[in-house]
Amino acid sequence: MRIDIITVLPDLLASWFGESIVQRAQSKGLVEIQVHDLRTWSTDKHRRVDDYPFGGGAGMVMQVEPIHRAIEQLKSERTYDEVIYMSPDGQMLDQPLTNRLSTCGNLIILCGHYKGVDERVREHLITREVSIGDYVLTGGELAAAVLSDAVIRLVPGVIGDETSALSDSFQDGLVAPPAYTRPADYQGWKVPEVLMSGHQARIDSWRYEQAVERTRNRRPHLLPPEQGGD
Ligand code: ADE
């Protein structure tokens with residue numbers, strides 16, 4: 001999988017992707033992340049990529065031309081499954097969307113800034129708009145990092161234990177059950193007996209019940225009404 005991120009703050013993202021599991025995934029050749037400075041495609045002598053909004057008002061708007069040139073150049077080099085724009089009014093990022101994107105070969109992610117992008121970018125160049133929540137960040141970079149991280153960890157081989165991505169919260173429509181490790185008794189705080197019973201069927205059914213209970217308490221909208229969802 002390859003992800004090309006277009007941003008006015010490339011250094012911010014390069015440092016994030018230069019660390020951790022994502023970095024290992026890149027060195028193993030499982031994913032390739034390229035962060036591009038949008039200003040590279042500016043034709044302005046000061047490398048500006050934004051301008052005042054038509055009709056007046058506060059804030060600057062990112063111009064269509066450099067974004068168009070950036071996306072066209074990338075598309076001339078390979079085929080992309082999606083051109084994603086990170087925006088607070090986009091489709092809410094959730095596990096099903098993350099799963100779907102993890103099966104893509106190549107993605108472009110555009111990070112917005114200032115008052116957002118010229119609407120013609122959204123109309124003509126973007127195939128999907130994604131939000132990471134109903135709050136406004138100073139730019140789309142953190143959102144792009146969140147989306148990329150959630151997608152990359154699902155690419156086979158990226159996290160060591162293949163089953164652990166599948167048993168994540170949300171992967172089966174439930175949040176994850178509680179997990180414990182040694183010691184079995186920490187100053188009187190005890191691990192549930194069943195987990196040490198060695199009886200795998202009982203452990204599995206305890207975990208399932210706990211996951212359903214937690215989902216009912218914390219994310220009831222994920223459950224069907226017969227399981228107490230809303
Ligand atoms: N850009 C600014 N805020 C955002 C959000 N909540 N999600 C995605 N992109 C954003």
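Counting starts at 1 for both ligands and their atoms, following the listed order.
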Do I71 and L74 have side-chain heavy atoms sitting under 4.5 Å apart? no

Could you list each nitrogen or oxygen of ligand 1 that sits under 3.5 Å from a protein nitrogen or oxygen, with the atom names and the distance?
residue: ligand 1; atom: 3 (N); partner: L137; partner atom: N; Å: 3.0
residue: ligand 1; atom: 6 (N); partner: G133; partner atom: O; Å: 3.1
residue: ligand 1; atom: 6 (N); partner: Y135; partner atom: O; Å: 2.8
residue: ligand 1; atom: 7 (N); partner: I132; partner atom: N; Å: 3.0
residue: ligand 1; atom: 9 (N); partner: S87; partner atom: N; Å: 3.2

Could you tell me if R2 and Q34 have a donor-acceptor pair between their side chains, going purely by distance under 3.5 Å? no

Got a salt bridge between D204 and R202, using NZ or NE/NH1/NH2 to carboxylate O under 4.0 Å? no

D51/R48 ion pair, N-O < 4.0 Å: yes

Any chance the side chains of H113 and D50 put a donor and an acceptor closer than 3.5 Å? no

E213 with R216: basic N within carboxylate O range, under 4.0 Å: yes

